[in-house]
Undergrad: 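Before I ask anything, here is the structure I am working with.
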Amino acid sequence: MLINWYRFSSPVSFYPLASIGAQVFGIFAALLAGAGLFVALYVAPTDATQGDAYRIIYVHVPAAWMAMFIYLVMAGWSAAALGFNARLSAMMAQALAPTGAIMAALALWTGAFWGRPTWGTYWAWDARMTSTLILLFLYLGVLALRNAIEDPRRADRACALLTLVGAVNVPIIYFSVQWWNTLHQGSSISFTVAPKMAATMVAGILIMTAAAWCYTIAVALARVQAIIVERERGATWLESLIDLRQRGIGRSPA
Amino acid sequence: MSEFLAMGGYAWYVWMSYGAVALALIVETVVVRARRKRALKELRMMTPSTPVGRMRGAR
């Protein structure tokens, strides 16, 4: 089957797709979160050294990964927005920023509540913690810049530029535990070394991470729907959107 | 049940973490859905003759 993917680069064509995607990924997120929480809080055994405090890993690691991943995806959309002057790419970057900020804040918050019982402190100016705090400020900076510029197309370009400049921080976060020997421990899960944790613990983290991915996709697609309507209303495409709807095209089967 | 909630003495740390995550994600979902609903409502007010009300997310 031939699909004309370029069709989806215009907001009007993407709107129905975003609508379906938001629902499907929302359902996946709920199912995976349910299964993940069951493994995290019930199935997985208590850690021999950290007791039940270690269970924070099941929310901390997915939040921290998502904070980094979302930034990279946002940088990708920003590069596309600048390179191709594509409106929808800029809207996708705009839709991801608030969720990224929330994930970064949650990574710091859950990290603090894990650090207190295990390291004896809520906060230290450790390399990874500090670079994650900078990541949060980058997200907040992008959001503030968006609000400060009235013309959306100028805001798109300014935010894309700031996002791309800030992207240098992501590898710093990722490799910080190798480059600096500070308080934060090394990677919990490695792709090259066999896990040192129980299989159920690894499974719990992976299920929760999958749930976080689905949640992020669902909430970003729902937000981009709102952004499309807010920014494009009054434009001529609206009529074609209603045309599409009346013919039942793009309507979700549910 | 109370043993489960006690989390081996780490209840404060575990539930402050899980609680914050749950609260943040629930609030974000509610806010985003409200924003989408408001955007569609304003669109409907701008173009009263169009059947936007039938669009998904408008309810």
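First the proteins, then the strands, lettered A, B, ... as listed; each starts at 1. Computed from a predicted structure; not experimentally measured.
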Undergrad: Ignoring hydrogens and angles, tell me if any N or O in the side chain of A/Trp109 forms a donor-acceptor pair with the backbone of B/Met16 under 3.5 Å.
TA: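 Such a contact is found between A/Trp109 side chain and B/Met16 backbone.
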Undergrad: Among A/Ala63, A/Ala40, A/Ala226, which has the most heavy-atom pairs under 4.5 Å with chain B?
TA: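 The candidate making the most pairs under 4.5 Å is A/Ala226.
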Undergrad: Considering all heavy atoms of both residues, which atom of A/Ala222 and which atom of B/Val32 are nearest to each other, and what is their separation?
TA: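 Closest approach of A/Ala222 to B/Val32, heavy atoms only: CB-CG1, 3.6 Å.
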Undergrad: Which pair of heavy atoms, one from B/Val14 and one from A/Ala53, lies closest together, and at what distance?
TA: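 Nearest heavy atoms, B/Val14 then A/Ala53: CG2-CA, 4.1 Å.
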Undergrad: Would you indicate whether A/Trp119, at its atom CH2, is surrounded by more than 12 heavy atoms from other residues, nucleotides or ligands within a distance under 6.0 Å?
TA: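 Correct, the count exceeds 12.
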Undergrad: Heavy-atom distances under 4.5 Å only: say whether A/Thr99 touches chain B with side chain, backbone, both or neither.
TA: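 It is both, since atoms from each part get that close.
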Undergrad: Please classify the contact between B/Tyr10 and chain A as side chain, backbone, both or neither, with a heavy-atom cut-off of under 4.5 Å.
TA: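 Contact with chain A: side chain only.
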Undergrad: Using every non-hydrogen atom in the two residues, find where A/Ile227 and B/Arg35 come nearest and quote the distance to one decimal.
TA: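 Minimum heavy-atom contact is CG1-NH2, 3.3 Å.
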Undergrad: For the residue pair A/Tyr215 and B/Thr29, establish whether any side-chain heavy-atom pair is separated by less than 4.5 Å.
TA: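 Touching, per the 4.5 Å side-chain cut-off.
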Undergrad: Would you compute the distance between atom CZ of B/Arg36 and atom CD1 of A/Ile228 and round it to the nearest 0.5 angstrom?
TA: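 Result: 11.5 Å between the selected atoms.
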Undergrad: Are A/Gln225 and B/Leu40 side-chain neighbours, meaning at least one heavy-atom pair lies under 4.5 Å?
TA: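 No; the side chains remain at least 4.5 Å from each other.
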Undergrad: To the nearest 0.5 Å, tell me how far B/Tyr13 OH sits from A/Gln50 CD.
TA: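 One gets 13.0 Å once the value is rounded to the nearest 0.5 Å.
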Undergrad: Heavy atoms only, distances under 4.5 angstrom: which of A/Val219, A/Ile102, A/Leu41 has the most pairs with chain B? Name it, please.
TA: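 Sorted descending by pairs with chain B, the first entry is A/Leu41.
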Undergrad: Select one option (side chain, backbone, both, neither) describing which atoms of A/Leu37 are under 4.5 Å from chain B's heavy atoms.
TA: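 Interface part for A/Leu37: side chain.
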Undergrad: I'd like to know if B/Glu28 pairs up with A/Arg223 as an ion pair, taking the criterion as any Lys NZ or Arg NE/NH1/NH2 lying under 4.0 Å from an Asp or Glu carboxylate oxygen.
TA: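 Judged by the 4.0 Å cut-off on N to carboxylate O distance, B/Glu28 and A/Arg223 do form a salt bridge.
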Undergrad: I'd like to check A/Leu106 versus B/Leu25 (side-chain heavy atoms, cut-off strictly below 4.5 Å). Are they in contact?
TA: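 Side chain of A/Leu106 against side chain of B/Leu25, heavy atoms only: contact under 4.5 Å found.
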Undergrad: Which pair of non-hydrogen atoms, one from B/Ala39 and one from A/Val229, has the smallest distance, and what is that distance?
TA: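 B/Ala39 and A/Val229 have their closest heavy atoms at O-CG1, 3.4 Å.
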